[in-house]
Peer 1: 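If you scroll down you'll find the structure; I have some questions about it.
Here is how names work: the chains are called A, B, and so on, in the same order as the sequence lines, proteins then strands, and each is numbered from 1.
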Number of protein chains: 2
Amino acid sequence: MRQRLHAPIVLPCDPACSVLRDAVVDIEEDGRIGFVGPVSEAPGEAVITALPGILLPGLINTHAHTPMTVLRGMGGDLPLLRWLQDVIWPAEAQLTAADMYAGMLLGSVEMLRGGVTTSLEMYFHLDELARAVLETGARAVLTGGIIEAPGFQWRKLLDVMNGLIDSHGLRYGPGDRIELGYGPHSAYMLSPVVLTEIAEAAHSRNALMHIHVAEAALEDVAVRDAHGSVPKLLASIGFFGGRVVAAHSVHLSEADIALFAEHRVGVAHCPGSNAKLASGMAPVRALRDAGVAVGIGTDGPASNDDLDLWEDMRLAAMFTRLSTMDAAALVAADVLLMATRSGAAVLGRDDIGALETGRWADVVHVSPDAPAFAGGLDVPDAQLLSNLVWAAGARQVRDVWVAGDQVVSEGETTMVDRAEAQAMAGAVTQRLLAAG
Amino acid sequence: MRQRLHAPIVLPCDPACSVLRDAVVDIEEDGRIGFVGPVSEAPGEAVITALPGILLPGLINTHAHTPMTVLRGMGGDLPLLRWLQDVIWPAEAQLTAADMYAGMLLGSVEMLRGGVTTSLEMYFHLDELARAVLETGARAVLTGGIIEAPGFQWRKLLDVMNGLIDSHGLRYGPGDRIELGYGPHSAYMLSPVVLTEIAEAAHSRNALMHIHVAEAALEDVAVRDAHGSVPKLLASIGFFGGRVVAAHSVHLSEADIALFAEHRVGVAHCPGSNAKLASGMAPVRALRDAGVAVGIGTDGPASNDDLDLWEDMRLAAMFTRLSTMDAAALVAADVLLMATRSGAAVLGRDDIGALETGRWADVVHVSPDAPAFAGGLDVPDAQLLSNLVWAAGARQVRDVWVAGDQVVSEGETTMVDRAEAQAMAGAVTQRLLAAG
């Protein structure tokens, strides 16, 4: 029988960012959303769950390397290159498949508790990552990271990826929880020949590609010298055209932005990582004005560090206001849609990211018991959205459903024990530290 | 008998930001700190409280208008001037003394739960604000806001302030919880004559002055045209010299910064407010390099919005890294000291802001039960500080003491009921909305 979530506020995250009052979200037997709307119009019988707060779609983290929870804080705040070369890369080289499972499990627990139901990942050992995600009950798009480097057999990895995608593809696990895709790291870590080969594999399978673009000014110097810009290079070799997510996209020209719009490239904006690593502020307003879909990403927890997408929503608004000197450049409704509906668009998906009939019932319940909501929920729409985004955030997430299954209850994960996940990941961290 | 808090980690917030392991903080009968150091060296008998996490000094919020919790989110994300003129000022005009008490009470509860034990306030009805702070058990420096405007009798207010400071001064309430000071709003809301009169009153009483300086580029145009800059004007009229806190200080020249250093003016850096209102990024590194004490402030909850000083610590680091393009410009230890020891220096106080013998026992206990600390507390110092600031933050604050009295236990205030505080402030918000 269908389940009906009934709450004083429902935010479907439609394009207008409507605020529905005294409304319901019906979850059908198959885990999809049935009706969304005022309780007075709700059809038929259902098992009713009355909730005191705000319902909204599960958030979508459009760029993450979540297994790096086991490396969190390592190297403290060293300058970027020293941090990578002296700490992170040596530590990553020691990570086993089981370590990546442990890191992904903890990160998945952490994201669910903060209302993130879907993440786009780039890492290794996708089978272990998928196992972790399925255990917590989350949803993920997993892309295998591919680089060209001594000892890294990119062609073998591409064959593995092709095999995984051909055999499992969009139906990897139960309930479509896992989608697989390709993760060519960047144009500075891969030659045009290899990028072309990966793109052909992805296009032939309609698979998503997930690539770092123009994150830091210095990393792309050689590519810019040779090809003008990373987007120009990618366009020229036919990389675009399918489903492409360009993570970061900080240093873009107007021509680059036009290429993204023309080829419907989605952008994963990672303001926290870009600020912490001093990469710069992405041209979010120009991208949005050009019609490019822009979502929000945390980046990996070794560099951001807490997988709190709400904080990155606020940062997206702050940085865009600072860079445009316009205090209304991005408002609460804008960043909420970036983290939900537009995040789905960035991933080329229309089955998540909104509370709409037919989409998956990925639902977040935000508790109103907080100073942020002292004035109650019976306030004007703009005030409600402002209080939700600017003052409530992750700590008020109380319950979460994915495909209709409750995966967080009273702030804790239901399918995985948080303390066990912490202990397992912590053991990896301690082993890496001991190995020094 | 003395109370001894014993924890795996103690951060005294000494200038080196030392990390003490398996250490204690002794709280003497008078609410001051006795011994701080390794448990093996702790002297004499004490009632021992064993805690599993991290002890650090209570955080200091160096710029707030906390009673504005009752206005939080009003006007949503309107552009600044429309927001002030159409929403905030009309609403503020309706606030009674009792409303300000309710707003201060809620904000004080909220700050304590996030580990902020002291705030520097600028608002009205200091007696009501003091009552709220004393009830929650927090600590505050309360400065009465003074402006020149039709209907606002600044001279009468100054007389009231002088009377309050002469009669109560540094001993307003029990346990030195309240200090009173002057809050001349800004050089654009007050003429040089009035500023001079206020400064003379403050200097003669060694009272703190709390003033907005160079927050937005446009507000000071007339002052800059007439006097070169706000700091130049203030220096020329003898405003500096005593204890002065310059809030915001975004748009400063090198000469302005030199004036601050020369006159030992403290700066309250408010990155969240400055970004949300598109005011700009303050020259934090240049100020620190010049030897100016820089603390961190949230600004009022109508503009920031959640009184979470930890988020502003992260923002301070992010903005300084972005504006200097240096990913190591401010590290976790730096912003932790800004929020504690330097915050006390900004306020011209050496009795709070560090766990040191003789200072008040304002102590925060951060719980280690979180994904942020999955790797445990037995990690290198830099990693520990990084995880504390970048990944744990306000939500992990578990217990708080002010002058040795426990004011937060298990995450909730002990002296005031949070639900009641929310309800009281919420009733004010609803009345303002109904009056519309």
Side-chain angles (χ1 to χ4, degrees), chain A residues 69-70 72-80 106-107 109-110 272 275-278 280-281 301 304-306 311 315 317-319 321-322 324-329 331-332 369 371-372 374-376 378-387 390-391 393 395 418-419 422-423 425-426 429-430 433, chain B residues 69-70 72-80 106-107 109-110 272 275-278 280-281 301 304-306 311 315 317-319 321-322 324-329 331-332 369 371-372 374-376 378-387 390-391 393-395 419 422-423 425-426 429-430 433:
Chain A
T69 49
V70 295
R72 179 153 40 202
M74 274 193 192
D77 285 299
L78 284 176
L80 181 57
L106 178 62
V109 165
E110 192 175 341
K276 189 160 181 256
L277 301 178
M281 294 195 278
N304 189 3
D305 299 3
D306 62 358
E311 184 161 353
L315 292 172
M318 288 188 201
F319 293 162
R321 291 170 183 209
L322 279 175
T324 61
M325 294 306 268
D326 173 2
V331 300
D369 180 24
D378 188 18
V379 298
D381 292 356
Q383 185 170 357
L384 181 84
L385 294 170
S386 175
N387 288 342
W390 289 105
R395 80 193 86 181
R418 176 167 65 88
Q422 288 173 188
T429 303
Q430 283 295 333
L433 286 171
Chain B
T69 49
V70 295
R72 179 152 41 202
M74 275 194 190
D77 285 299
L78 284 176
L80 181 58
L106 178 62
V109 165
E110 192 175 342
K276 189 160 180 256
L277 302 178
M281 294 195 279
N304 190 4
D305 300 0
D306 62 358
E311 184 161 353
L315 291 172
M318 289 188 201
F319 293 162
R321 292 170 183 210
L322 278 176
T324 61
M325 292 307 269
D326 173 1
V331 301
D369 179 24
D378 188 18
V379 298
D381 292 356
Q383 184 170 358
L384 182 83
L385 294 169
S386 176
N387 287 342
W390 289 106
R395 81 193 86 180
Q422 288 173 189
T429 303
Q430 283 294 334
L433 286 171

Peer 1: Find the distance between CE (A:Met318) and CE (B:Met318) and round it off to the nearest 0.5 Å.
Peer 2: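 CE of B:Met318 is found 9.0 Å from CE of A:Met318.
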Peer 1: Check whether any side-chain heavy atom of A:Ser386 lies under 4.5 Å from a side-chain heavy atom of B:Asp305, and answer yes or no.
Peer 2: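 Heavy-atom side-chain distance check passes, below 4.5 Å.
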Peer 1: First locate atom NZ of B:Lys276, then atom CG of A:Leu322, and finally report the distance between them rounded to the nearest 0.5 Å.
Peer 2: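 Between B:Lys276 NZ and A:Leu322 CG, I get 13.0 Å after rounding to 0.5 Å.
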Peer 1: Among B:Val379, B:Asp369, B:Asp326, single out the residue with the greatest number of heavy-atom pairs under 4.5 Å to chain A.
Peer 2: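 Ranked by contacts with chain A, first place is B:Asp369.
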Peer 1: Between B:Ala332 and chain A, with a heavy-atom cut-off of 4.5 Å, which part of the residue counts as in contact: side chain, backbone, both or neither?
Peer 2: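 Both backbone and side chain.
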Peer 1: With rounding to the nearest 0.5 Å, note down the distance linking CD in A:Gln383 to CG in B:Asp77.
Peer 2: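 The distance works out to 11.0 Å.
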Peer 1: Please determine, among A:Met74, A:Arg321, A:Gln430, A:Arg395, the option with the most heavy-atom pairs under 4.5 Å with chain B.
Peer 2: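 Most heavy-atom pairs within the cutoff with chain B belong to A:Arg321.
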Peer 1: Identify which of A:Met281, A:Arg418, A:Met325 forms the greatest number of heavy-atom pairs closer than 4.5 Å to chain B.
Peer 2: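 Max contact count across the listed options: A:Arg418.
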Peer 1: Go through B:Thr429, B:Leu385, B:Val331 and name the one with the most non-hydrogen pairs under 4.5 angstrom from chain A.
Peer 2: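 Winner by heavy-atom pair count: B:Val331.
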Peer 1: Please determine, among B:Leu78, B:Asp378, B:Thr324, the option with the most heavy-atom pairs under 4.5 Å with chain A.
Peer 2: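 Most heavy-atom pairs within the cutoff with chain A belong to B:Asp378.
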Peer 1: Can you tell which part of B:Leu315 gets under 4.5 Å to a heavy atom of chain A, answering side chain, backbone, both or neither?
Peer 2: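 Contact with chain A is through the side chain of B:Leu315 alone.
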Peer 1: Hey, does A:Pro371 have a side-chain heavy atom less than 4.5 Å from the side chain of B:Val109?
Peer 2: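 No, every pair of side-chain atoms sits at 4.5 Å or beyond.
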Peer 1: Which of the residues A:Ala425, A:Ala278, A:Ala382, A:Gly426 is involved in the greatest number of heavy-atom pairs with chain B at under 4.5 angstrom?
Peer 2: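 The candidate making the most pairs under 4.5 Å is A:Ala278.
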Peer 1: Please report the closest heavy-atom contact between B:Gly73 and A:Asn387, naming both atoms and the distance.
Peer 2: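 For B:Gly73 and A:Asn387, the tightest heavy-atom pair comes out as CA-OD1, 3.3 Å.
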Peer 1: Heavy-atom pairs under 4.5 Å with chain B are the metric here; pick the option from A:Asn304, A:Thr69, A:Val70, A:Leu106 that has the most.
Peer 2: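 It is A:Leu106.
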